Amino acid sequence: MCTKIVIAGSVSGLGVILVALGAGLGWGLFPSIIEDEVIKNVVLTNTSMSYENWQKLPQPMEFQVHIMEVENPEEVHSTGAKPKMREKGPYVYLEYKEKENIEFSEDGNIVEYEQRTFFEFSPELSGPTLSEDDEVSVLNAALMGVLLTPDIEDDGLQLTGLAAGFKFLFDDPESVFTKVKVRDLLFDGLLIKCQGSQAITANIFWKLVCTTMKSQFENGLLPPAIRYDEESNNFFYSFFYHKSNKTDGHFKVLTGKTDVKKVGEIVEWEYEPTLKFWSGDECNAIKGSDATIFSPFMDKETKIYVFATDLCRSIYLSYDKEISHEGISGYRYVVDALQLGNLSSRPENYCFCPPNGACLKEGAMDLFPCFNGPVILSMPHFYQAPDYEKMVENLTPSKEKHQIYLDIETLSGAPLGAGRRVQFNMMIKKIRNFDITQNLPVAVVPLIWVNEGLTLNEENTNLLKDELISKLTIVDGVRWGLIGVGCAVFVAGAALLFVWRGSFKKPSKKQSKRRRST
């Protein structure tokens, strides 16, 4: 009987060993191995797994443009009525990003590069009812921007000259609203005329304005939305020509070799460690990556910083909720309202306020120092900007549709989906010396809003599953398998011990009779 007890005890002991082995391997050795594998793949080198996807995005992003039409331009122009907005779109472009002139430092800690962006209109994704040849009724941002700039800078001399010459620049406009083809509004450009008939050329103020603009172009002082065409000697205004087939500056970033949590972190942009657009160090700080690579090992406390060259600032995203993409678990991080907050809700935003004017209200940011033009940033439909939403009609702000978000597989830092949603706006108001603005109300009018989006496609989702998720599944299987088998073996040993010990103690029938007779 003692032998049976020893066997039962050994079985239970084996169960305990299997449970301990499962726990040790599952929470100790295996995670350490996978962590080392993640680090090896994420750190930027010529041969790392992340390099190819970092150098060229494995799939194009969807650049969705929603054009904000004004339904009642004549009423706004003549009677000061509140603008009634109508959203048209999205006009969808495939956006390709590719890095070039890549150079690693000798110690492998730094990599420098430039990133080129290409756009390709997608009729399929835009839908059969939308075309780049569509004509839309919008605020003439070229005209309004030219008029607002000297007014903001309080340049009386320029205002006087512009008042006498602006009609020649814009073909004698009757209103600050215009009808324009989508392709011209976004890429080809609205004409700003500096080459015309002999009668126009005779206008000295028109000549002065054009000469000034050409000088600004040569010195890099024109807004990026305005380009000079040397062949025709004219200027053209469009929202995205300056981004198409262009690079967005020179980057110097960390490779993550010494600290994988800093992979992709920008050290310098345009050969400078900080920006020079804003009036304080906090606003001029360059934080985070260029949004083409993210650090691994994120959690709910992680803040993800991203530097946006077209906004001339860094923003951060914080945890919102758990998500799942095709069976891959992850976290959603979002941009909160405070980053576009006014001084009462976020005092440190003081340095984003214009030095020669009042700070904007909640949910908006003045991009004049960045654009060299009077552009105002907000989230689409003035989401989280209630004061500006009230200035126009027909907007329907929504967290689900209009908030900036990033979905991340937190162990590897691989993006599962993203939506960078921003709206560009411009103020309308009466400007001295310009009769064309005489009856305009004071309002911030939406021009366009953009969703720069990505949802990891099937091919890249399966690749992520093969490279990482399958390994995690195996680890989970081994861990819980060993623990499960160990528990079962332990219970079996305990049961045997209980049965055998019970039978050892149970008295025979003869022993029972003797006890009763006595």
Side-chain angles (χ1 to χ4, degrees), residues 61-68 85 87-92 95 125 287-292 294 298-325 328-342 345-346 348-349 352 360-367 375-392 394-410 413-425 444 446-456:
M61 302 181 72
E62 289 186 16
F63 192 78
Q64 304 172 355
V65 183
H66 303 252
I67 296 173
M68 303 303 289
M85 310 308 302
E87 179 181 314
K88 188 167 185 178
Y91 294 85
V92 182
E95 180 182 6
L125 294 176
K287 299 178 181 179
S289 73
D290 67 356
T292 60
F294 301 98
M298 296 185 187
D299 56 36
K300 294 180 180 180
E301 303 302 318
T302 301
K303 280 188 176 181
I304 303 174
Y305 282 89
V306 173
F307 174 59
T309 58
D310 54 348
L311 306 181
C312 302
R313 65 167 292 180
S314 294
I315 59 175
Y316 68 83
L317 300 96
S318 50
Y319 173 80
D320 180 51
K321 63 181 181 180
E322 296 182 3
I323 57 95
S324 177
H325 172 73
I328 302 176
S329 298
Y331 289 166
R332 170 163 292 186
Y333 297 84
V334 300
V335 172
D336 60 41
L338 287 177
Q339 293 184 70
L340 294 179
N342 60 19
S345 62
R346 191 174 174 88
E348 56 267 40
N349 277 355
F352 287 125
L360 296 179
K361 297 177 181 179
E362 196 79 16
M365 176 183 173
D366 188 347
L367 290 180
V375 177
I376 295 172
L377 172 72
S378 71
M379 291 193 198
H381 285 236
F382 290 126
Y383 172 65
Q384 295 182 328
D387 290 316
Y388 296 107
E389 183 196 348
K390 295 173 184 176
M391 291 182 173
V392 296
N394 300 339
L395 297 185
T396 54
S398 161
K399 176 180 179 179
E400 191 64 29
K401 294 179 180 179
H402 302 139
Q403 188 172 45
I404 300 172
Y405 76 93
L406 174 65
D407 292 342
I408 289 283
E409 195 290 308
T410 55
L416 303 175
R420 195 186 78 144
R421 298 152 168 175
V422 292
Q423 180 170 287
F424 298 101
N425 315 276
V444 176
L447 302 172
I448 60 170
W449 75 267
V450 176
N451 180 18
E452 200 171 10
L454 171 74
T455 299
L456 200 64

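It should be emphasised that the depicted structure is a prediction, and the values quoted were computed from it without experimental measurement.
- Between Ile404 and Val422, the closest side-chain pair of non-hydrogen atoms falls below 4.5 Å.
- Using a 4.0 Å cut-off between charged side-chain N and carboxylate O, Asp336 and Arg346 make no salt bridge.
- Between the CZ atom of Phe352 and the CG atom of Leu377 there is a distance of 10.5 Å, given to the nearest 0.5 Å.
- Within the 3.5 Å criterion, the main-chain N or O of Tyr316 finds a donor-acceptor partner in the side chain of Gln339.
- Of all heavy-atom pairs spanning Leu456 and His325, the tightest one is O-NE2, 3.1 Å.
- Using the six-membered ring where Trp is involved, Tyr333 and Tyr319 have ring planes that are perpendicular, over 60° apart on the 30 and 60° scheme.
- Counting heavy atoms from C-beta on, the side chains of Ile376 and Tyr388 never come closer than 4.5 Å.
- Using a 4.5 Å cut-off on side-chain heavy atoms (C-beta onward), Leu395 and Met68 make contact.
- Evaluation of the salt bridge (Lys or Arg N to Asp or Glu O under 4.0 Å) rule for Lys361 yields no partner, not counting sequence neighbours.
- Among residues at least two apart or in separate chains, there is no salt bridge (Lys or Arg N to Asp or Glu O under 4.0 Å) pair with a member in residues 381-390.
- Side-chain contact between Leu125 and Glu62 is present, with at least one heavy-atom pair separated by less than 4.5 Å.
- Atom CG of Leu317 sits about 11.5 Å away from atom OG1 of Thr302, to the nearest 0.5 Å.
- Minimum interatomic distance between Ser378 and Gly363 (heavy atoms only, all atoms of both residues): CB-O, 3.5 Å.
- The closest side-chain heavy-atom distance from Met85 to Pro446 is below 4.5 Å.
- Put simply, the side chain of Arg420 reaches to within 4.5 Å of the side chain of Asp310, judged on heavy atoms.
- Here the NZ atom belonging to Lys399 is positioned 11.0 Å from the CE atom belonging to Met379, to the nearest 0.5 angstrom.
- Atom CE of Met298 sits about 7.0 Å away from atom CG of Leu406, to the nearest 0.5 Å.
- Side chain of Glu409 to backbone of Gly330: no donor-acceptor contact under 3.5 angstrom is found.
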Go through Asp320 and Tyr331 one step at a time and tell me if the side-chain hydrogen bond (donor to acceptor under 3.5 Å, both in side chains) criterion holds. CA-CA 7 Å; Asp320 180 51; Tyr331 289 166; over 6 Å; no

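- The two atoms that bring Trp449 and Lys401 nearest to each other are CH2-O, 4.0 Å, heavy atoms only.
- Residues Glu87 and His381 form a side-chain contact, since some pair of their non-hydrogen atoms from C-beta on lies under 4.5 Å apart.
- Residues Asn349 and Met365 fail the side-chain proximity criterion, which asks for heavy atoms closer than 4.5 Å.
- The closest donor-acceptor contact from the side chain of Arg332 to the backbone of Asp407 lies at 3.5 Å or more, if one exists at all.
- His66 and Gly89 get closest at one heavy-atom pair: ND1-C, 4.3 Å.
- The OH atom of Tyr383 lies 10.0 Å from the CD atom of Glu400; values are rounded to the nearest 0.5 Å.
- The two atoms that bring Val306 and Ala291 nearest to each other are CG1-CB, 3.7 Å, heavy atoms only.
- The CD atom of Gln64 sits 11.0 Å away from atom CD of Glu95, with the distance rounded to the nearest 0.5 Å.
- Residues His402 and Gln384 bring no donor and acceptor atom of their side chains to less than 3.5 Å of each other.
- Of all the heavy atoms in Phe382 and Val392, the pair that sits closest is CE1-CG2, 4.3 Å.
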